[in-house]
Protein chains: 2
Amino acid sequence: MTDRLRQHLKFFTDLTDPEWQALESHLQVKTISRKDFLVQQGEKATEIGFLLSGSCRVFYDKDGEEWTTYFCFENNLVAAYASCLTGQPSTLNIQALEDCELLFFKYETLAALYRQFPVYETFARKLAEYLFMGLDVRLAEQLMLSPEERYLKFLGSPAKRKITERIPQQYIASYLGITPVSLSRIRRRIISS
Amino acid sequence: MTDRLRQHLKFFTDLTDPEWQALESHLQVKTISRKDFLVQQGEKATEIGFLLSGSCRVFYDKDGEEWTTYFCFENNLVAAYASCLTGQPSTLNIQALEDCELLFFKYETLAALYRQFPVYETFARKLAEYLFMGLDVRLAEQLMLSPEERYLKFLGSPAKRKITERIPQQYIASYLGITPVSLSRIRRRIISS
DNA sequence: GCAACTTCTTAACAAAAGATAACGAATCAG
DNA sequence: CTGATTCGTTATCTTTTGTTAAGAAGTTGC
């Protein structure tokens, strides 16, 4: 079961058996139900998760308005990483959209491994670089594409297409930075053209 | 002169004299004039710059529309970092807003130092984490704040306030994701309230 | 199975933003 | 210094989005 995480980490760095075992020995499992929170704003995040099954959304809450920054599916890491890094309370929420099963380890475990195995420092560098580049693209789209263009691009991405089949439209609207009503209109406009 | 860069790097990691000298020996200086490009979209970026004086804007060009992601001033790093990391052509442009004097080194120099001095791996990790967290906040603001709220927040940030004094309004509009005309209206609305 | 809750769509209206153009003020380059 | 260019504001008009509310369809949880 933990093999799937090891496989995923290969995307960033290769780990020797001893290196991997150092992390593996700290892995724990947990399951959470649909609508449960993995992280709630205001509380300090300390864990890095890896979704074995299910899906989550990562979102900000602004006076009851919810704005999604990210969707997460099986075989992917999920964390309020900024809060882990700074030690400050999380400004974002992570909520299960479906029942989830996940592996997790403490961020402090990773940080301790930096000293023991330099490869984890490399891993964390590549992870942060990956997150940076993902946000870079996301911000560019948000800045220069119209809501309609953003939606079309969203549909055009195979990785995200499955999202539209597993996730309520209102959350997609909140990901695109528009209201559900507006997304509904955009969809009608697209269909009738 | 190079001391100012060393000082800046302390924000991320402390460097011993030998560690610092390994990078310092690769530093070069260049000056560019207002409106010159440090990086142009389509070309592969290979350099990490450090502004000694002057200012730059980092922007995307979409069919002639320019959308700013970042402003950069003296004593800060400036680079098309995503292009350096991937080796792919840059999708963004970096242009001098004022005459600039800058130090720079090749990204490959930094990459080579990873193996020689682990501290540079740490430096690059912290740099990427810093960039990630900066974009995280920027995206959140773009998603959940109205143009007017974004502008007020922009003015409220002391680090950015100086921007308004050195940079044409149209570029601030493009940073906020709106048209110059719209920003002008927002300003009038704010003043008369 | 069925009641309660969610979700999506649509309509009507208000508010805001984009597009275009025009004008004066400020800035720049020779 | 000065003509040319750039910049910011304002006006007008169009398009889009937000807001609110209502109803139908679908889903959930006991």
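So you know, we letter chains A, B, ... as the sequences are listed, proteins then strands, and number each from 1. None of the values given here were measured: they were computed from a predicted structure.
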- Examine D/dT17: is either OP1 or OP2 under 4.0 Å from a nitrogen or oxygen in the side chain of A/T179? Give yes or no. no
What nitrogen or oxygen pairs link the protein and nucleotides 6-11 of chain C at under 3.5 Å?
{"residue": "C/dT7", "atom": "OP1", "partner": "A/Q170", "partner atom": "NE2", "Å": "3.4"}
{"residue": "C/dT7", "atom": "OP2", "partner": "A/Q170", "partner atom": "NE2", "Å": "2.5"}
{"residue": "C/dT7", "atom": "O5'", "partner": "A/Q170", "partner atom": "NE2", "Å": "3.1"}
{"residue": "C/dC8", "atom": "OP1", "partner": "A/Q169", "partner atom": "N", "Å": "2.5"}
{"residue": "C/dC8", "atom": "OP2", "partner": "A/Q169", "partner atom": "N", "Å": "3.0"}
{"residue": "C/dC8", "atom": "OP2", "partner": "A/Q170", "partner atom": "N", "Å": "3.0"}
{"residue": "C/dT9", "atom": "OP1", "partner": "A/R187", "partner atom": "NE", "Å": "3.3"}
{"residue": "C/dT9", "atom": "OP1", "partner": "A/R187", "partner atom": "NH2", "Å": "3.2"}
{"residue": "C/dT9", "atom": "OP2", "partner": "A/S184", "partner atom": "OG", "Å": "3.2"}
{"residue": "C/dT9", "atom": "O5'", "partner": "A/S184", "partner atom": "OG", "Å": "3.2"}
{"residue": "C/dT10", "atom": "OP2", "partner": "A/R188", "partner atom": "NE", "Å": "3.3"}

Taking atom [atom2] of [N] as reference, at what distance in whole Å does atom [atom1] of [X] sit?
{"X": "A/M144", "N": "C/dG18", "atom1": "CE", "atom2": "C1'", "value": "18 Å"}
{"X": "B/L97", "N": "C/dC28", "atom1": "CG", "atom2": "C1'", "value": "16 Å"}
{"X": "B/E98", "N": "C/dC28", "atom1": "CD", "atom2": "P", "value": "10 Å"}
{"X": "B/Q95", "N": "D/dT6", "atom1": "CD", "atom2": "P", "value": "12 Å"}
{"X": "B/L176", "N": "C/dG18", "atom1": "CG", "atom2": "C1'", "value": "16 Å"}
{"X": "B/L143", "N": "D/dT17", "atom1": "CG", "atom2": "P", "value": "15 Å"}
{"X": "B/W67", "N": "C/dA17", "atom1": "CH2", "atom2": "P", "value": "12 Å"}
{"X": "B/E65", "N": "C/dT20", "atom1": "CD", "atom2": "P", "value": "10 Å"}

Answer with yes or no after comparing the ring centroid distance for [X] and [Y] against a 6.0 Å cut-off, counting only values under it.
{"X": "A/Y175", "Y": "A/F154", "answer": "yes"}
{"X": "B/Y114", "Y": "B/Y120", "answer": "no"}
{"X": "A/Y130", "Y": "A/F11", "answer": "yes"}

- Message: Under the rule for salt bridge (charged side-chain N to carboxylate O under 4.0 Å, His left out), what residues qualify as partners of A/E101, not counting sequence neighbours?
- Response: none
- Message: Check whether A/Y171 forms a cation-pi arrangement with A/R57 (NZ or CZ under 6.0 Å from the six-membered ring centre, at most 45° off the ring normal).
- Response: yes
- Query: For the residue pair B/F12 and B/F123, does the interplanar ring angle fall in the parallel (under 30°), tilted (30 to 60°) or perpendicular (over 60°) class?
  - Reply: perpendicular
